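Written below as structure tokens is the structure these notes are about.
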Amino acid sequence: MESPINGLSKIINKFSIIKQIPIFNNLNWFQLHMISQKSVLQEYHKGDFIYKEESPADGFYCLISGRLQAYNMKSSGRKDNLELILRGTHFGITSLFTGENHSLTVEAVNDSIILKITRDDFLLLLKMIPKLAIELNRSLSQRVRNKKLNAQSIFNSSIISVYSPVKGTGSSTYALNLAINLERETKRKVILVNISSNLSDEQSLIFKVPDASPHWKIPGIRIQETVGDHQKIIQSVIKGHLNVDLLHVVFNPTNKNLVDLISQFVSALINDYYYLVVDLPNNMDDVVLQTLTQSDLIHLITLNRMEDLKLTNQVIHDLQTKLKDRFIKENVQVMISSLDRSENRLVHHEIDNVLDFKVSDVLPFIPPEDLRNPVITDAIAVITPGLDSEYTKTLARISRKIGGILIGLVLGGGAALGLAHIGVIKVLERENIPIDIVVGSSMGALIAALWTIGNNSEHLEIFAREFEKKQNGLKLFDPVFPRTGFIGGRLIKLWLKKHLGDKTFYDTKVSLKIVSYDLIRREEQILDQGSLVDAVRESVAIPGVIEPVFRGGKMIIDGGVLNPLPTNVLTTLGIKKIIAINVLQSPADVSKGYDLHQEKAQLEHQIPFMKSPLVFLGVRISKVFSANIPDIIIRTLQASEYVIAEQSANQADVLIHPNLVGINWFELYQVDQLIQSGEDATLQKIGEIKRLIRE
């Protein structure tokens, strides 16, 4: 709700503020003084409405601090034509001149201060100051031109606050490296704002040997001395050392006025930077809590210890209490730091129970050998990890998520043909193609699970070669009375247990989704929590061949039956860069493969018994067992799956389709040819993939 500025009037000089507003820049002292007399400063809290569409136009508005959003409210409750209004922008003018009601709703994104001049006073000022009318006309013309050119006159910016309720979590290390990776991945302008209290500021000046944690070598500027003086803030910014700008500020925690000032300070730089990463002190107080509530994203860093998780849970509770219906769960990310190497760490379900909130990421430990890039200047000293370190890779993924440029990989189903995925992964690794999220179906789910827990393509190839001898395939074959399938799946699960162990989705280094299907409810299942063994077992349950999994009143079968190439999972998540691998054979591929097999069979059939008894017997035995029930089922399924996969492929930015002509769905032993086909097909597309990454 709007309120006039009272307590802040001693700190905020209205005249000096008006001088900084772009539309008033060219006016003289007397004209500025007239505007100052006719204007008032009003304060709005986060979520307050400045005005709503269809309300009468009552004045001239200009944003002094904070952020606003303007939009049309659809009948469905969705905000349409949304754009941000940043500091120094005036609005509400068109309705003021036409006399019509407002066509947009304007709402405060942060606590905001707005300068307002009533309609009658503003029209009077235009008559008394012709120069103001000229400036206003020029400004309106520029806005019209921008809209015609579809130009974005106001860019979206994000305030990201990093906070840990306890010391020793590496939250400052995280904040600095997040800022660096945001700039590197998004190519946007980024500033790291370090906010510390007077007590912590004195300690930060003690500089010994640089390490992963940033050491500030200069005293910070005081927040209360900068509010309302944008020029002074800009002059205090440190540039040119880490590809991101730096600002070091301090506050006195006993100064109660700072709670009102912090939102103005935090939002003061959003016109100048696309991302503001705010590194907060560990001690929770009103200033820290207020900063968190004014942020777009909150990253909470904690350790895997009972007492620290409880403190983090309390922070989340405080945010929910403070923000109420404005609390957005998705905007709060909890990161578990791996700095604590003790054996008293909790297992995943214990963390979930204590925290009562989903953990977004686990931050890897930074070994000393990964600290390779020292930066020592007059202002700061730090050593950042190398680009190939697990810590940097994790923060790069987090940065791409923030920037909306995540790269998704879809591994489709296809039984033995899915081994071609290993060749694809081999090229992606060799070319350093970053992957942020993997979706797998059927055999693609198996390869995805093995890869995302940390096995590289070499390890995957070793696993595949376990079936290089034809007879080894029998290790997965546990025949049962064919009530719901010919294969029970017990041996498959034992093999999965051998290679996946007790790993859960929580243990994956890259986000993983596995697709299966509930045959009773005819619902697709998107699995992203719990046991990886169970998830993969469900996704490979080929109907009629491998027994389905019965769980919770569901009959779960192979995810590839109705979604053999699950690109839809990524598009639903808003992933804009998708690489998909379809290993299913087209009708033309199947026809060519049949011809090849016929030619080979005819040649082998001519071989006499005395020359090669094994080949002679093998050809005749294979005729007896050809066109068996499982083979007919799977060939039928793959025929329909290919049609579905072709449609799903339209949602991919890059489609890789290995040439697998002549290989049957059951030929797990064709390891070399399958992997090489995946590798060859990916190399043909590597130019497209690299362009996709750069876009």
Side-chain angles (χ1 to χ4, degrees), residues 1-24 27 31-71 83-97 101-126 132 136 139 154 159 224 226-230 256-268 270-271 290 293-294 322-324 326:
M1 186 171 182
E2 70 176 83
S3 59
I5 304 294
N6 294 319
L8 299 180
S9 60
K10 296 178 181 178
I11 302 168
I12 300 176
N13 185 312
K14 185 165 61 172
F15 183 82
S16 66
I17 285 175
I18 290 172
K19 286 197 302 182
Q20 297 180 48
I21 296 174
I23 198 172
F24 301 143
L27 303 184
Q31 293 166 333
L32 292 173
H33 187 68
M34 290 172 61
I35 292 170
S36 180
Q37 286 183 320
K38 296 291 185 183
S39 61
V40 294
L41 294 176
Q42 293 178 331
E43 185 176 20
Y44 293 81
H45 295 294
K46 185 174 184 176
D48 287 347
F49 294 103
I50 288 71
Y51 55 73
K52 296 184 178 181
E53 53 192 292
E54 299 305 327
S55 62
D58 60 346
F60 166 92
Y61 295 87
C62 184
L63 181 61
I64 304 304
S65 70
R67 284 179 300 172
L68 311 173
Q69 55 182 347
Y71 55 84
E83 65 175 341
L84 281 179
I85 298 175
L86 303 182
R87 177 182 50 79
T89 304
H90 56 275
F91 56 97
I93 302 298
T94 304
S95 299
L96 191 67
F97 286 155
N101 290 341
H102 290 297
S103 59
L104 298 173
T105 294
V106 179
E107 178 186 350
V109 178
N110 299 102
D111 289 354
S112 301
I113 295 176
I114 291 173
L115 181 137
K116 180 180 178 180
I117 305 173
T118 64
R119 181 179 186 277
D120 291 341
D121 283 342
F122 188 70
L123 294 177
L124 179 62
L125 285 170
L126 289 178
L132 176 59
L136 187 63
S139 173
I154 303 173
I159 301 171
Q224 59 266 37
T226 64
V227 173
D229 192 341
H230 182 256
K256 301 302 180 184
N257 286 331
L258 282 176
V259 176
D260 296 320
L261 294 175
I262 193 67
S263 60
Q264 297 174 59
F265 172 78
V266 170
S267 62
I270 54 180
N271 287 41
Q290 182 72 356
T293 62
Q294 298 302 308
K322 179 90 171 173
L323 291 170
K324 297 179 182 175
R326 297 192 300 272

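Quick caveat: nothing in here was measured; it's all calculated off a predicted structure. Only heavy atoms go into these numbers, but all of them, side chains included; no hydrogens, no water, no symmetry mates.
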Shortest non-hydrogen contact between Ile50 and Glu107, atoms and distance: CD1-C, 4.1 Å
Check whether any side-chain N or O of Asp48 sits under 3.5 Å from a backbone N or O of Ala108 as a donor-acceptor pair, and report yes or no. no
Using the rule given for side-chain contact (heavy atoms from CB on, under 4.5 Å), can you reason through Leu68 versus Ser112, listing the C-alpha separation, both sets of side-chain angles and the distance that settles it, and then say yes or no? CA-CA 8 Å; Leu68 311 173; Ser112 301; 3.8 Å; yes
Leu104: which residues meet the side-chain contact (heavy atoms from CB on, under 4.5 Å) condition with it, sequence neighbours left out? Ala70, Asn72
Of the options Asn101, Val106, Thr105, which is the one that meets Glu53 in a side-chain contact (heavy atoms from CB on, under 4.5 Å)? Thr105
So, Asp121 side chain and Thr118 main chain: donor-acceptor pair closer than 3.5 Å or not? no
Report the residues that fulfil salt bridge (Lys or Arg N to Asp or Glu O under 4.0 Å) with Asp120, sequence neighbours left out, ordered by chain and then residue number. none
Using the six-membered ring wherever Trp is involved, compare the ring planes of Phe24 and Phe60 and label them parallel, tilted or perpendicular (cut-offs 30° and 60°). tilted
Show the numbers, then the answer: is there a side-chain contact (heavy atoms from CB on, under 4.5 Å) between Arg67 and Leu86? CA-CA 5 Å; Arg67 284 179 300 172; Leu86 303 182; 3.7 Å; yes
How many angstroms lie between CG in Leu125 and CG in Leu136, if you round to the nearest 0.5 Å? 11.5 Å
Does the side-chain contact (heavy atoms from CB on, under 4.5 Å) test come out yes or no for Tyr44 and Leu63, once each step is laid out? CA-CA 11 Å; Tyr44 293 81; Leu63 181 61; over 6 Å; no
How are the rings of Tyr51 and His102 set to each other: parallel, tilted or perpendicular (split at 30° and 60°)? parallel
Under 4.5 Å between any side-chain heavy atoms of Leu96 and Tyr61, yes or no? no
Main-chain N/O of Lys46 paired to Asp111 side chain as donor or acceptor, under 3.5 Å: yes
What's the verdict on side-chain contact (heavy atoms from CB on, under 4.5 Å) for Ile85 and Val109, showing C-alpha distance, side-chain angles and the deciding distance? CA-CA 9 Å; Ile85 298 175; Val109 178; over 6 Å; no
